[in-house]
2 protein chains.
Amino acid sequence: MDPSALPTAGNCFIAACKAREVLNHVSNRWGGLVLGALLERNLRYSEIRDRVGGISEKMLAQTLDVLERDGLIARTSYPVVPPRVEYALTESGRALAERFIDLFMWIGTNVETFASAQQRYDSQRDSA
Amino acid sequence: MDPSALPTAGNCFIAACKAREVLNHVSNRWGGLVLGALLERNLRYSEIRDRVGGISEKMLAQTLDVLERDGLIARTSYPVVPPRVEYALTESGRALAERFIDLFMWIGTNVETFASAQQRYDSQRDSA
DNA sequence: TCCCAAGCTTACTTTTTTGTAAGTACTTCC
DNA sequence: GGAAGTACTTACAAAAAAGTAAGCTTGGGA
């Protein structure tokens with residue numbers, strides 16, 4: 001329960017460690033969403049692109065590369081034309097995807113709280 | 001369990017919605033770490049800065065502003081000199097901080113998996 | 001008077017991320 | 001031959017994020 005109890009390489013609060021590196025691969029604009037999209041089932045590149053709103057082909061390809069390198073997803077290419085590639089979560093990837101979906105659900109369920117908090121903050125700032 | 005079952009504003013997979021906005025405030029380089037740092041107890045600015053390795057004063061101040069605006073943290077300023085300011089998680093903030101610490105712990109505990117996956121990926125790429 | 005403390009802010013620079021658009025490969029079909 | 005399909009890649013540009021360093025505030029103490 002306390003990240004600082006982990007060895008140096010595993011402590012996300014320390015900048016120069018592998019855990020921080022991996023954290024930054026998933027806890028960013030696209031990483032978590034791509035992982036989350038794959039939780040339901042294996043998907044093709046275009047299917048991921050369509051599910052993750054706003055992601056460009058460039059960012060999707062880049063994100064998939066990074067996630068594959070970390071061992072979070074597995075890429076299967078079929079020898080057919082047109083090209084057919086499938087992406088699947090690995091065990092590690094599934095564990096992280098579950099956590100991200102839980103995070104998305106929590107944020108999504110409480111979105112009104114955020115909206116009203118922002119309004120309160122903005123109006124208080126305006127009057128100061 | 002399925003984010004697409006949420007109303008539009010609450011579905012993180014849709015780009016133009018409040019949930020995505022809030023997600024991007026926490027699931028980024030510094031947001032989750034700052035939230036996670038505050039889970040143990042209320043902290044002053046300098047204490048957060050010291051716990052979150054690698055964060056600059058500029059990025060810490062900026063991140064705290066964003067998190068406060070979203071209603072995830074509360075700032076208490078004391079009328080003393082030198083200035084004394086404390087930051088605390090709100091209820092929402094705590095719910096998110098718990099999820100981030102869980103994520104950090106998972107990543108930290110399995111850091112060897114990532115390291116070896118990366119080696120495998122890199123050596124396979126070199127031989128291709 | 002000067003220095004110190006903590007919590008920022010500000011101006012400018014650098015780095016990173018993201019966007020845009022075109023291109024590639026290769027088979028199949030018209 | 002051209003068009004279509006899919007999964008990227010590439011080159012360049014723009015935007016965003018982050019870094020760096022100096023500065024400000026104000027009371028208290030030497």
Side-chain angles (χ1 to χ4, degrees), chain A residues 12-16 20-34 37-38 42-70 73-88 121 124-125 128, chain B residues 13 15-16 20-34 37-38 42-70 73-88 121 124-125 128:
Chain A
C12 292
F13 284 101
I14 298 180
R20 178 72 80 87
E21 180 192 325
V22 173
L23 176 64
N24 285 336
H25 290 164
V26 294
S27 186
N28 59 42
R29 172 169 276 192
W30 301 119
L33 286 167
V34 169
L38 285 162
N42 299 353
L43 297 171
R44 299 174 67 175
Y45 176 90
S46 55
E47 290 174 316
I48 305 176
R49 188 195 60 215
D50 293 344
R51 279 164 170 72
V52 180
I55 194 167
S56 68
E57 296 185 338
K58 179 180 186 289
M59 291 313 302
L60 177 54
Q62 188 175 303
T63 300
L64 289 169
D65 278 352
V66 169
L67 297 180
E68 189 187 355
R69 182 169 179 273
D70 285 348
I73 62 176
R75 179 180 179 277
T76 305
S77 173
Y78 297 89
V80 296
V81 169
R84 178 188 185 96
V85 176
E86 272 190 16
Y87 293 91
Y121 183 88
Q124 165 221 318
R125 286 247 350 249
Chain B
F13 285 100
R20 178 71 81 86
E21 180 191 324
V22 174
L23 176 64
N24 286 335
H25 291 164
V26 295
S27 187
N28 60 39
R29 169 169 278 188
W30 302 119
L33 287 166
V34 170
L38 284 163
N42 298 356
L43 298 171
R44 297 174 69 172
Y45 176 90
S46 54
E47 291 175 314
I48 305 175
R49 191 195 58 217
D50 293 344
R51 279 163 169 72
V52 180
I55 194 167
S56 68
E57 297 186 337
K58 176 181 184 285
M59 291 313 301
L60 177 53
Q62 187 175 301
T63 300
L64 290 169
D65 278 352
V66 169
L67 297 179
E68 188 186 359
R69 183 169 177 272
D70 284 347
I73 62 175
R75 176 179 181 279
T76 305
S77 173
Y78 296 89
V80 295
V81 170
R84 178 189 183 97
V85 176
E86 272 190 14
Y87 292 92
Y121 183 88
Q124 162 222 325
R125 285 248 350 248

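In this structure, the separation between CD1 on A/I14 and CZ on B/R51 is 13.0 Å, given to the nearest 0.5 Å. A distance of 9.0 Å separates CG of B/N28 from CG of B/L23, quoted to the nearest 0.5 Å. The line from NE2 of A/H25 to OG1 of A/T63 is 10.5 Å long, rounded to the nearest 0.5 Å. For the atom pair A/R49 CZ and A/L43 CG, the distance stands at 12.0 Å (nearest 0.5 Å).
Closest-nucleotide positions on DNA chain C for B/S46 and B/K58 were compared, and the one nearer the 5' end corresponds to B/S46. Where B/R29 and A/P82 each meet DNA chain C at their nearest nucleotide, the meeting point lying more 5' is that of B/R29. Toward the 5' end of DNA chain D, the nearer of the two residues B/T63 and A/R44, judged by each one's closest nucleotide, is A/R44. Between A/V81 and A/Y45, the residue whose closest nucleotide on DNA chain D is further toward the 5' end is A/V81.
D/dA17 atom C1' lies 15 Å from atom CH2 of A/W30, rounded to whole Å. In this structure, the CD atom of A/E57 is 15 Å from the P atom of D/dT10, given to the nearest Å. Rounding to whole angstrom units, CD1 of residue B/I55 and C1' of D/dT20 are separated by 15 Å. Distance CD (B/E21) to C1' (D/dA16): 15 Å, rounded to an integer number of Å. With rounding to whole Å, B/M59 atom CE is found 16 Å from D/dA21 atom C1'. Separating the CG atom of B/L64 from the P atom of D/dA18 is a distance of 14 Å, rounded to the nearest angstrom.
Using a 4.5 Å heavy-atom threshold, the side chains of B/Y87 and B/I73 count as touching. The closest side-chain heavy-atom distance from A/V52 to A/W30 is below 4.5 Å. For the pair B/I55 and B/V34, the minimum side-chain heavy-atom distance is below 4.5 Å. Taking the side chain as every heavy atom from C-beta outward, A/D65 and B/Y121 approach each other to under 4.5 Å.
Summary of helix geometry: the two end axes of the helix from C/dT1-D/dA30 to C/dC30-D/dG1, each defined by five base pairs via their C1' atoms, are inclined to each other by 30° (rounded to 10°).
Running 5' to 3' along DNA chain C, contacts with non-hydrogen atoms of chain A at under 4.0 Å begin and end at C/dT18 to C/dT27.
Classification of A/R84 and A/E86 as a salt-bridged pair holds, one side-chain N sitting under 4.0 Å from a carboxylate O.
Looking at heavy-atom distances under 4.0 Å, B/R49 makes no contact with the nucleic acid at all. Contacts of B/Y87 with the nucleic acid, taken as non-hydrogen atoms under 4.0 Å apart, involve only primed sugar atoms and P, OP1 or OP2.
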